[in-house]
A.B. asks: 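Please read through the structure below; I'll follow up with questions.
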Amino acid sequence: KQEVTQIPAALSVPEGENLVLNCSFTDSAIYNLQWFRQDPGKGLTSLLLIQSSQREQTSGRLNASLDKSSGRSTLYIAASQPGDSATYLCAVPDPGGATNKLIFGTGTLLAVQP
Amino acid sequence: DTGVSQDPRHKITKRGQNVTFRCDPISEHNRLYWYRQTLGQGPEFLTYFQNEAQLEKSRLLSDRFSAERPKGSFSTLEIQRTEQGDSAMYLCASRPTGANYGYTFGSGTRLTVV
């Protein structure tokens, strides 16, 4: 059964710092991995989708890496801003079925202090 | 294309009442998913539709829950005889067929059962 873990559960940094969020998964037979952002009381906004054949994916100040064999992904945020404060979730499709339903971690709650 | 739409955004109901939520996916997406998210947790899979066919239901989906997707377009999720434990964020997502596509989520419906 696929399990997804995110470390740390919460992180507080001063504005301008670079930071790394970690995601690990137990079953490496994944098609892709998706990082999402969730603001309080809101839905999920997709940040990056990284395919199993890719090592990295970049969007602006965000960079996601994927090491499928070790079951790990990182989300790197450069030059953090207060507007980056949110919960960050990683998710992988369940490799055990045909539905590709997503299995989520519990998220990292990020606070960027001005 | 306005993304995935969910209605209502918030619903407060008394215990024992029935509630219905609606999801309008991205029009060309034939796959639709419902998830439930409680405070501090990642979203958990509830059910999946491919076109109008409901192909998978989670054990979380008790017999008080029913979902439909008539004609493969919008979907509804109904909860009968609501309980306080049903209080959660209900999220809808859609994606095209193909393992390499990511998910697009709606803004969610926040249900509070009092």
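Every chain is numbered from 1 and lettered A, B, ... according to where its sequence line falls, protein lines coming before strand lines.
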A.B. asks: Is it true that, when you exclude L55(B) itself, more than 12 heavy atoms of the residues, nucleotides or ligands shown sit nearer than 6.0 Å to its CG?
C.D. replies: yes
A.B. asks: Which answer fits Q37(B), side chain, backbone, both or neither, if we ask what part of it has an atom under 4.5 Å from a heavy atom of chain A?
C.D. replies: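 For Q37(B), side-chain heavy atoms alone lie under 4.5 Å from chain A.
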A.B. asks: CD of E52(B): more than 12 outside heavy atoms within 6.0 angstrom?
C.D. replies: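 Enclosed.
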A.B. asks: Between L62(A) and L110(A), is there a shared hydrophobic cluster once you connect ILVMFWY residues whose side-chain heavy atoms come closer than 4.5 Å?
C.D. replies: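 The answer is yes; both residues are in one hydrophobic cluster.
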A.B. asks: Just checking R61(A): does its CZ atom have more than 12 heavy atoms from other residues, nucleotides or ligands closer to it than 6.0 angstrom?
C.D. replies: yes
A.B. asks: Nearest 0.5 Å, please: how far is CZ in R95(B) from CG in L102(A)?
C.D. replies: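 Answer rounded to 0.5 Å: 8.0 Å.
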A.B. asks: Just do the side-chain contact (heavy atoms from CB on, under 4.5 Å) check on R110(B) and K42(A) with the steps written out, would you?
C.D. replies: CA-CA 9 Å; R110(B) 166 75 65 190; K42(A) 306 290 186 181; over 6 Å; no
A.B. asks: Within 45° of the six-membered ring axis of F45(B) and under 6.0 Å from that ring's centre, is NZ or CZ of K101(A) located there?
C.D. replies: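 Geometry flag: set, cation within 6.0 Å and 45°.
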A.B. asks: Answer yes if F105(B) and V4(A) sit in the same cluster of Ile, Leu, Val, Met, Phe, Trp and Tyr residues linked by side chain heavy atoms under 4.5 Å apart, and no otherwise.
C.D. replies: no
A.B. asks: Look at C92(B), G108(B), P43(B), S58(B) and state which one has the largest set of heavy-atom pairs under 4.5 Å with chain A.
C.D. replies: P43(B)
A.B. asks: Does any heavy atom of chain A fall under 4.5 Å from the side chain of Y35(B), the backbone, both, or neither of them?
C.D. replies: side chain
A.B. asks: CZ/R31(B) to OG1/T99(A) distance, rounded to the nearest 0.5 angstrom?
C.D. replies: 8.0 Å
A.B. asks: Mark yes when over 12 heavy atoms from residues, nucleotides or ligands other than Y31(A) sit less than 6.0 Å from its OH; otherwise mark no.
C.D. replies: no
A.B. asks: To the nearest 0.5 Å, tell me how far L91(B) CG sits from F104(A) CZ.
C.D. replies: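 If we round to the nearest 0.5 Å, L91(B):CG and F104(A):CZ are 8.0 Å apart.
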A.B. asks: Does any backbone or side-chain atom of Q38(A) lie under 4.5 Å from a heavy atom of chain B? Answer side chain, backbone, both or neither.
C.D. replies: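 Just its side chain gets close to chain B.
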A.B. asks: Counting only non-hydrogen atoms closer than 4.5 Å, does S46(A) touch chain B with its backbone (N, CA, C, O), its side chain (CB onward), both, or neither?
C.D. replies: side chain
A.B. asks: Which bit of L44(A) is near chain B, if near means a heavy-atom gap under 4.5 Å: side chain, backbone, both or neither?
C.D. replies: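 Backbone plus side chain of L44(A), per the 4.5 Å heavy-atom cut-off to chain B.
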A.B. asks: Highest number of heavy-atom pairs under 4.5 Å with chain A: which of Q41(B), E44(B), M89(B), E56(B)?
C.D. replies: E56(B)
A.B. asks: State whether the number of non-hydrogen atoms from other residues, nucleotides or ligands found under 6.0 Å of R64(B) atom CZ is greater than 12.
C.D. replies: yes
A.B. asks: Look at the side chain of Y48(B) and the backbone N and O of N100(A), then say whether any donor-acceptor pair between them is shorter than 3.5 Å.
C.D. replies: no
A.B. asks: With clusters defined by side-chain heavy atoms of hydrophobic residues (ILVMFWY) lying less than 4.5 Å apart, directly or transitively, does L33(A) cluster with L75(A)?
C.D. replies: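 Result: yes, single cluster for both.
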A.B. asks: Does one hydrophobic cluster hold both V19(B) and W34(B), with members joined at side-chain heavy-atom distances below 4.5 Å?
C.D. replies: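 Per the 4.5 Å side-chain linkage, V19(B) and W34(B) are co-clustered.
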A.B. asks: Treating Q34(A) as the side-chain partner and Y103(B) as the backbone partner, does any N or O pair qualify as donor plus acceptor under 3.5 Å?
C.D. replies: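 Yes, because the side chain of Q34(A) sits within donor-acceptor range (under 3.5 Å) of the backbone of Y103(B).
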A.B. asks: For the candidates L109(A), L49(A), I103(A), which exhibits the highest count of non-hydrogen atom pairs separated by less than 4.5 Å from chain B?
C.D. replies: L49(A)
A.B. asks: Please answer: with hydrophobic residues joined when any side-chain heavy atoms are less than 4.5 Å apart, are L21(A) and F25(A) in the same cluster?
C.D. replies: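 Yes, one cluster joins them.
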A.B. asks: Between N32(A) and chain B, with a heavy-atom cut-off of 4.5 Å, which part of the residue counts as in contact: side chain, backbone, both or neither?
C.D. replies: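 Side chain of N32(A) only, per the 4.5 Å heavy-atom cut-off to chain B.
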